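Note that the structure is predicted; figures quoted are calculated from it, not measured.
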Amino acid sequence: MNFNNLMLLDAQAATGGSGLIIILVYVAIFAALYFIMLRPQRKEQKQKAQLLSQLAVGDSVRTTGGFIGTVIDIDEESATVIVEFGNNKNCRIPMVKEAIVEVEKPEDAVSSASKDEKK
């Protein structure tokens with residue numbers, strides 16, 4: 001074998017090894033993206049689903065639009081909620097459950113108010 005053939009074999013061996021390294025780098029990048037982006041997003045979706053499943057009539061809610069109101073009726077079939085805003089009994093708006101961002105139970109409001117009075 002001459003010198004050129006040896007150089008060619010060395011170049012091919014180096015290329016095969018670097019191909020494996022490139023694949024390992026891509027796998028590491030996708031694993032990092034999963035743990036940084038996808039996993040927390042799924043955890044947040046589970047928490048929101050649990051929050052909406054525990055929604056009951058009389059709960060105080062905050063919507064994605066920033067409105068705060070009280071749940072009047074829940075329709076599980078169409079996944080809609082009727083919310084009453086403010087003291088005006090005529091301001092009742094049906095909305096999709098997913099538009100609810102935050103839920104406060106009446107018991108939570110009472111217990112936090114009693115804690116404030118004790119101080």
Side-chain angles (χ1 to χ4, degrees):
M1 293 184 107
N2 63 16
F3 183 71
N4 288 335
N5 288 340
L6 288 176
M7 292 296 287
L8 184 61
L9 289 175
D10 286 341
Q12 289 175 350
T15 306
S18 67
L20 180 64
I21 291 173
I22 290 173
I23 291 172
L24 290 176
V25 168
Y26 278 121
V27 168
I29 289 172
F30 285 122
L33 286 176
Y34 173 77
F35 283 108
I36 291 172
M37 296 174 67
L38 298 176
R39 190 168 179 236
Q41 184 180 10
R42 286 185 182 163
K43 185 177 180 182
E44 186 177 314
Q45 287 173 344
K46 285 181 184 178
Q47 287 176 344
K48 185 170 182 177
Q50 181 184 12
L51 177 83
L52 293 178
S53 69
Q54 295 175 352
L55 187 66
V57 173
D59 291 347
S60 179
V61 296
R62 184 173 59 91
T63 66
T64 54
F67 295 109
I68 298 174
T70 306
V71 176
I72 301 298
D73 187 26
I74 300 172
D75 184 11
E76 296 294 337
E77 226 174 80
S78 61
T80 59
V81 178
I82 298 178
V83 180
E84 180 179 81
F85 297 100
N87 295 330
N88 187 356
K89 301 295 181 193
N90 295 326
C91 186
R92 295 180 178 181
I93 301 174
M95 61 180 51
V96 181
K97 269 187 171 182
E98 283 78 29
I100 295 173
V101 176
E102 186 178 311
V103 176
E104 183 178 316
K105 300 282 184 186
E107 307 89 45
D108 296 341
V110 171
S111 65
S112 66
S114 65
K115 287 180 184 177
D116 291 340
E117 290 176 1
K118 289 180 182 178
K119 291 181 180 179

* To do: Please check if F30 and I23 belong to a single hydrophobic cluster, counting links between Ile, Leu, Val, Met, Phe, Trp and Tyr side chain heavy atoms closer than 4.5 Å.
  => no
* Decide yes or no for I93 and T63: does some side-chain heavy atom of the first lie under 4.5 Å from some side-chain heavy atom of the second? => no
* If you look at every heavy atom in V83 and M95, which pair is closest and at what distance? -> CG2-SD, 4.0 Å
* Linked, directly or transitively: V81 and F85 (ILVMFWY side chains, under 4.5 Å) -> yes
* Asked: Are I68 and V57 linked, directly or through other ILVMFWY residues, by side chains that come within less than 4.5 angstrom of each other?
  -> no
* Non-neighbouring partners of E102 that pass side-chain hydrogen bond (donor to acceptor under 3.5 Å, both in side chains), sequence neighbours left out -> R62
* Kindly indicate whether the side chain of L52, heavy atoms from C-beta on, has any atom under 4.5 Å from the side chain of K48. => yes
* **Gap separating the CD atom of Q41 from the CZ atom of R39, nearest 0.5 angstrom** => 13.5 Å
* Please name the residue in the list I82, V61, V103 that meets the side chain to side chain contact (heavy atoms under 4.5 Å, CB included) test with V71. => V61
* Structure fact -> When rounded to the nearest 0.5 Å, the distance separating CD1 of I72 from CZ of R92 is 5.0 Å
* Over 12 non-hydrogen atoms of neighbours within 6.0 angstrom of CD in Q54 -> yes
* To do: Report whether I74 and F67 are members of the same hydrophobic cluster (ILVMFWY, side-chain heavy atoms less than 4.5 Å apart, transitive linking).
  => yes
* **Side chains of D59 and P106 in contact at under 4.5 Å (non-hydrogen atoms)** => yes
* Report yes or no: do M37 and F35 belong to one cluster of Ile/Leu/Val/Met/Phe/Trp/Tyr joined by side chain heavy-atom distances under 4.5 Å? => no
* How long is the gap from NZ on K46 to CG on L51, to the nearest 0.5 Å? -> 16.0 Å
* **For D73, side-chain hydrogen bond (donor to acceptor under 3.5 Å, both in side chains) partners two or more places apart** => none
